[in-house]
2 protein chains.
Amino acid sequence: MPTEPPDPATGRPAGHRTPSEPRPGRSAGSIRARVRAEMVDEIKATARRHLATDGANLSLRAVARDMGMVSSALYRYFASRDDLLTALIIDAYNDCGAAAEAADAGVADRADLAGRWLAVCHGVRHWALAHPAEYALVFGSPVPGYSAPQDTVAAAARTPAALIGVLADGHARGALADPGCDDVDPALRTDLARIRALIAPALPEALLADGALGWTQLFGAVSFELFGQLNNGVDARDAYFDHQMRRITGLLGL
Amino acid sequence: MPTEPPDPATGRPAGHRTPSEPRPGRSAGSIRARVRAEMVDEIKATARRHLATDGANLSLRAVARDMGMVSSALYRYFASRDDLLTALIIDAYNDCGAAAEAADAGVADRADLAGRWLAVCHGVRHWALAHPAEYALVFGSPVPGYSAPQDTVAAAARTPAALIGVLADGHARGALADPGCDDVDPALRTDLARIRALIAPALPEALLADGALGWTQLFGAVSFELFGQLNNGVDARDAYFDHQMRRITGLLGL
DNA sequence: ACGCGGACGAGAACACTGATCTCGACCGGA
DNA sequence: TCCGGTCGAGATCAGTGTTCTCGTCCGCGT
């Protein structure tokens, strides 16, 4: 007699049933739930440690071995290797976003828009250099079969939101002129309008587009540096990055 | 008695010996060499086909199976899976660079610097959208243990050289003002000077740095689009990309 | 307080993978 | 012609993700 009922979603017998909250509705503060959460955290921690050396092809078995367990035991906590990677991706998005937000918050003079923008840029780069494997996991080539679930989008938006926030604040202070784009594709205008409604309702579309430009430039620069595209070319990484970010700052009118 | 001598480089017996020109000095046009080259091409072609579906984790065995061979036979032509990937990477670099050069060459009015720059940008993006797996292989997160051999740098330089070439040509025509950077880090100046000597000796350093900025922006935008960072955000991909590239064109003074 | 059901982890199994080694067979070049 | 080197097949090894089964054990609801 099977101890677990057939999965209502798929219909098949489901030996182990998809985990992550094994029973949907239960007292959240129960002992079981707490040790389970601790176990999940420990798995993610050791997986992150392996990520630093093995990159995106980390081995479930190695992680389990490192914890004195057997690989199949991990399936109690993550439905698959991709599920574990997804959890790490979400954490990395949040870490990166938190670093960006903290960098902005660290600037005392809130009116120094260029200083705040540069602080966010350097904060992101600093986080990326400190966690290259997690950065690569998030901003590198996606795993072939893998499609980012909806859970990631909220976490993914934090860093661009921090950047746009600087522009929005500057605009609110009246310190930022609208560059004014007359000939913008209408389809792009609807995209910008939708994003604006979510992030910064008062920001002119042209400034939002410029923010996206800076966002792209920031991660393009960090990716080039971390992914080896600057090897055999640029050695003064700090100065190179700073120069590029300052140039963009000028373009943005900060 | 072993038919093949011990590898002089490593000293170990070397069962199969590292391939790629099995015997260094031989008549280059021999029949054996020709069929071997055709075989290498066929392997790369089927590997590229698999790359499109399986991404970076393509399977040697699957490639061999697809060719009616056995996996061990592939080791006659590539020392390892990484070696095959390296060959694909070099090809991809060259393809991308060729696309960039062709796009520039396709602009009739050589004095239309902005048009040429935008043509190169769109050419690169077009190539990337047509070959997403190869793009990811080259510009995505590098394989953990993998370190790009020196062979790749020449091929890797073609695309940025095409971009810088537009600026250098514009400068030679006197159509490009030197933005003039006074406060540039001396270490970065030496980097720029070294690159300038290789690519465009007459180009002012500030313009070279701006070219690198545009180069970064171009691949940042393409990577964001291909790696899914624009999902759930921007739908008008063409207009978005074009807008960003035009904005950079303005910054560059084209 | 107690007993039961469900969560847990071990272990075996399956279908894969990259890599190595051995061994015939073949055939281009001298 | 004939021989040596190249080739491809097959077996093998270590390692992987995933699934399934089966005891055990303990927190939870009664």
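Order of the sequence lines sets the chain letters (A, B, ...), proteins ahead of strands, with each chain counted from 1. Keep in mind that this is a model prediction, so the values were computed, not measured.
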### Task
Consider the side chain of B:Ser80, meaning its heavy atoms from C-beta on, and name the nucleotide among C:dA19, C:dG18, D:dT18 that approaches it most closely.
C:dA19
### Query
Expressed in angstrom and rounded to an integer, what is the separation of A:Tyr77 atom OH from D:dT18 atom C1'?
18 Å
### Task
Mind calculating the distance between CD1 (B:Ile31) and P (C:dC26) to the nearest angstrom?
18 Å
### Message
Quick check for you: among C:dT17, D:dG17, C:dA10, whose closest atom lies nearest to any side-chain atom of B:Arg65?
### Response
C:dT17
### Query
When the distance from CZ of B:Arg61 to P of D:dT12 is rounded to whole Å, what number comes out?
13 Å
### Summary
Side-chain contact check for A:Arg36: nearest option of C:dG18, D:dT18, C:dC8 is C:dC8
### Query
How would you label the contact of A:Met67 with the nucleic acid (heavy atoms, under 4.0 Å): base, sugar-phosphate, or nothing?
nothing
### Query
Looking at five pairs on each end of the helix from C:dA1-D:dT30 to C:dA30-D:dT1, what is the angle between the two axes, given to 10 degrees?
10°
### Query
Backbone N or O of A:Gly220 within a donor-acceptor pair of the A:Ser223 side chain at under 3.5 Å?
no
#### Entry: Basic-acidic side-chain contact under 4.0 Å: A:Arg125, A:Asp238
yes
### Query
Picking from C:dG9, D:dT18, C:dA19, which would you name as closest to the side chain of A:Met39?
C:dG9
### Task
Spell out, as yes or no, whether a donor-acceptor pair under 3.5 Å connects the side chain of B:Arg194 to the backbone of A:Gly233.
yes
### Ring centroid separation A:Phe227 to B:Phe139 under 6.0 Å
no
### Task
May I ask you to evaluate whether A:Ser30 reaches the phosphate of D:dC28, defined as a side-chain N or O under 4.0 Å from OP1 or OP2?
yes
### Message
Tell me whether A:Arg158 contacts the main-chain N or O of A:Glu101 through its side chain, where contact means a donor paired with an acceptor under 3.5 Å.
### Response
no
### Message
Determine whether a donor-acceptor pair (N or O, by modelled atom type, separation under 3.5 Å) exists between the side chain of A:Asp191 and the backbone of B:Ala236.
### Response
yes
### Task
Just compare C:dG18, D:dG10, C:dC27 and give me whichever is closest to any side-chain atom of B:Val70.
D:dG10
#### Entry: Nucleotide of D:dT21, D:dG8, C:dG6 approaching B:Met69 most closely (side-chain heavy atoms)
D:dG8
### Query
Contact class for A:Leu58 (heavy atom, under 4.0 Å): base, sugar-phosphate, or nothing?
sugar-phosphate
#### Entry: Candidate nucleotides D:dC28, C:dA19, C:dG11, ranked by approach to the side chain of A:Ser72 - the nearest
C:dG11
### Task
Send over the distance from A:Tyr75 OH to C:dG11 P, rounded to a whole Å.
18 Å
### Task
Pick base, sugar-phosphate or nothing for A:Arg81, based on heavy-atom distances below 4.0 Å to the nucleic acid.
sugar-phosphate
### Query
Rounding to a whole Å, what distance do you find between B:Asp54:CG and C:dC16:P?
13 Å
### Query
Of all the choices, C:dG28, C:dT17, C:dG18, which nucleotide is nearest to the side chain of B:Ala62 once you look at every atom?
C:dT17
### Message
Starting the side chain at C-beta, find the nucleotide from D:dT19, D:dC7, D:dT6 nearest to B:Arg32.
### Response
D:dT6
### Message
By nearest atom, which of the nucleotides D:dT21, D:dG27, C:dG28 is closest to the A:Arg76 side chain?
### Response
D:dT21
